[in-house]
2 protein chains.
Amino acid sequence: MPRNRRPQNREEKRDEIVAAATELFTGTGYDETPMTAIAAAAGVATNTIYWYFKDKDALLVAVLDRVLAEALADAGTRTDEPWSDQLLWAVERLERYSRLVTVVHARTAISPVIDAWHADFHRLAEDMLAGGFRSAGVPEESLRASIQIGVFVIEGLLLHPGSAESRREVIDLLAHPGGDRRHPPGDRTRTRSGG
Amino acid sequence: MPRNRRPQNREEKRDEIVAAATELFTGTGYDETPMTAIAAAAGVATNTIYWYFKDKDALLVAVLDRVLAEALADAGTRTDEPWSDQLLWAVERLERYSRLVTVVHARTAISPVIDAWHADFHRLAEDMLAGGFRSAGVPEESLRASIQIGVFVIEGLLLHPGSAESRREVIDLLAHPGGDRRHPPGDRTRTRSGG
DNA sequence: ACCTGAACACCGTTCAAGT
DNA sequence: ACCTGAACACCGTTCAAGT
């Protein structure tokens, strides 16, 4: 009996469970998918899931990690595009996970693992936004607030999926708060300064 | 037997149930409070709640209506203050309901009543923000996007309660996106807008 | 180590029965 | 019309028992 056959199967079966949970959590919803459904989709007995994961929240964390890693890998190929295009792409890329966004917020209040993941994710998002805003010329004094607004706007767009047009409008305004540097929808002068 | 004694008691008991649910939903959480706890707090049998409300979601809607009506009544006394102060006040006033905000988002996907309430609420918030942004001199062309950003930022502040300082920063930047009209960091005196 | 059938505790909701 | 005790269906999790 080879020593390392089991461990390999273990990885595979774990992945199958996470894959099934990802599909069900994003498509049907976390509260709406019983553990029995995940088990059935993965082809194991319900309680087998508890061999691989402490509880349903731990499984959710595995799903979140998986989904985030994929998205980051995709994003890696786009770092040379303009700032607002990257933002727009990220929002559209993540929109399919809007149910995960809401459930993370809902469970943050009660599940320490989800809370920790949520905090980590915010740190990551803030770091990425900091780079973008700096490159867009946002002054250092308003950088922190701009980042916060950026995070909230992105979350908002994910939570309330709307038309492509309004998405573009919102991202443009977010990425170039001064009003300049905008790609002209039909060129226009910007109305700045108090009056 | 007086004809109208019963209806009066009915109102009262309904109110007691809603009051108990409000306290428990905001303090403990929606998913975390069983119907039995609400019934116990209101002094009725569990299934009596179902005489007054179709189901738990309908009770949640009653809670939301109650809480929103109170907040709007409070807000009515503040309409003469400057725009960004009103915004800040609203956020701080609503912060105690952050658990309601998350549960509304979570249940919007599955409960038609909650979905309808949520849509109504967004319309209301957008109307109020439209007035504020217009008075702050936001140009008509970027008004729609500004309103959306405003809604997202307010929701974000409610979902992620932070320090008073960062709250103020974010609201200031949101209310005066041009960058002018801001109170200088050291100085506490407010530059009254409009002039 | 890995997997399972059966049971447990809990919860939203319903029902038949009372006044 | 209003209220209730008891039951039902469902779900996350655990346990004792298997390999």
Side-chain angles (χ1 to χ4, degrees), chain A residues 1-18 20-21 24-25 27-63 99 103-104 106-107 109-114, chain B residues 1-18 20-21 24-25 27-63 99 103-104 106-107 109-114:
Chain A
M1 313 158 201
R3 263 256 186 80
N4 55 355
R5 209 186 60 214
R6 275 302 189 183
Q8 186 167 339
N9 284 346
R10 175 177 170 85
E11 278 294 305
E12 277 169 26
K13 193 159 274 185
R14 207 194 110 107
D15 275 0
E16 271 170 52
I17 295 173
V18 176
L24 288 163
F25 287 171
T28 310
Y30 177 85
D31 283 324
E32 292 72 30
T33 62
M35 295 297 267
T36 54
I38 301 166
V44 297
T46 302
N47 18 11
T48 297
I49 298 178
Y50 289 89
W51 180 257
Y52 293 89
F53 302 95
K54 184 188 179 302
D55 54 21
K56 203 181 180 185
D57 282 316
L59 178 54
L60 176 56
V61 169
V63 167
R99 303 203 76 150
V103 79
V104 164
R107 299 205 65 77
I110 37 177
S111 163
V113 258
I114 304 292
Chain B
M1 316 159 197
R3 264 259 184 81
N4 54 355
R5 209 187 60 213
R6 273 303 188 182
Q8 188 165 338
N9 283 348
R10 174 175 172 85
E11 278 294 306
E12 277 168 26
K13 192 157 276 187
R14 205 196 110 106
D15 276 359
E16 272 170 51
I17 295 173
V18 176
L24 289 163
F25 286 172
T28 311
Y30 177 86
D31 283 324
E32 292 73 30
T33 61
M35 297 295 270
T36 54
I38 302 166
V44 298
T46 302
N47 19 11
T48 298
I49 298 177
Y50 288 89
W51 180 258
Y52 293 89
F53 302 95
K54 186 187 177 303
D55 54 20
K56 205 181 179 185
D57 282 316
L59 177 55
L60 175 56
V61 168
V63 167
R99 303 201 76 148
V103 78
V104 164
R107 300 205 64 76
I110 38 177
S111 162
V113 258
I114 304 292

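Residue numbers begin at 1 in each chain, while the letters A, B, ... track the order of the sequences.
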- Enter the distance from A/Leu59:CG to A/Ile38:CD1 here, rounded to the nearest 0.5 Å.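 Answer rounded to 0.5 Å: 5.0 Å.
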- Could you state the interatomic distance from CE (A/Met35) to CZ (A/Phe53), rounded to the nearest 0.5 Å?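 So the gap between those two atoms works out to 9.0 Å.
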Nearest whole angstrom, please: distance from the [atom2] of [N] to the [atom1] of [X].
{"X": "A/Arg14", "N": "C/dA1", "atom1": "CZ", "atom2": "P", "answer": "17 Å"}
{"X": "A/Asp31", "N": "D/dC10", "atom1": "CG", "atom2": "P", "answer": "17 Å"}
{"X": "B/Met35", "N": "C/dC11", "atom1": "CE", "atom2": "P", "answer": "12 Å"}
{"X": "A/Ile38", "N": "D/dC10", "atom1": "CD1", "atom2": "P", "answer": "18 Å"}
{"X": "B/Ile49", "N": "C/dG12", "atom1": "CD1", "atom2": "P", "answer": "9 Å"}
{"X": "B/Glu11", "N": "D/dC2", "atom1": "CD", "atom2": "C1'", "answer": "15 Å"}
{"X": "B/Glu32", "N": "D/dG12", "atom1": "CD", "atom2": "C1'", "answer": "14 Å"}
{"X": "B/Phe53", "N": "D/dC3", "atom1": "CZ", "atom2": "P", "answer": "12 Å"}

Which one, [options], comes nearest to the side chain of [X]?
{"X": "B/Thr46", "options": "D/dT4, D/dG12, C/dT13", "result": "C/dT13"}
{"X": "B/Pro34", "options": "D/dC3, D/dG12, C/dC11", "result": "C/dC11"}
{"X": "B/Tyr50", "options": "D/dG12, D/dC3, C/dT13", "result": "C/dT13"}
{"X": "A/Ala45", "options": "C/dT4, C/dT13, D/dG12", "result": "C/dT4"}

- Item | Min side-chain heavy-atom separation A/Leu60-A/Tyr30 under 4.5 Å |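 Answer yes - side chains close enough.
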- Query: Any side-chain heavy atom of B/Arg107 sitting closer than 4.5 Å to one from B/Lys56?
  - Reply: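 Sidechains of B/Lys56 and B/Arg107: no contact.
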- Query: Across all strands, who's sitting opposite D/dA1 as a Watson-Crick or G-U wobble pair, both distances under 3.5 Å?
  - Reply: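 WC or wobble partner is C/dT19.
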- Message: Pairing check on C/dA6: which nucleotide meets the Watson-Crick or G-U wobble criteria with it, both distances under 3.5 Å?
- Response: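 Pairing partner, where one exists within any strand: D/dT14.
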Distance below 4.0 Å between [X] side-chain N/O and [N] OP1 or OP2:
{"X": "A/Lys56", "N": "D/dC11", "result": "no"}
{"X": "A/Tyr52", "N": "C/dC3", "result": "yes"}
{"X": "B/Lys54", "N": "C/dT13", "result": "no"}

- Are B/Asp15 and B/Tyr52 linked by a side-chain donor-acceptor pair shorter than 3.5 Å?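 No donor-acceptor contact under 3.5 Å links the two side chains.
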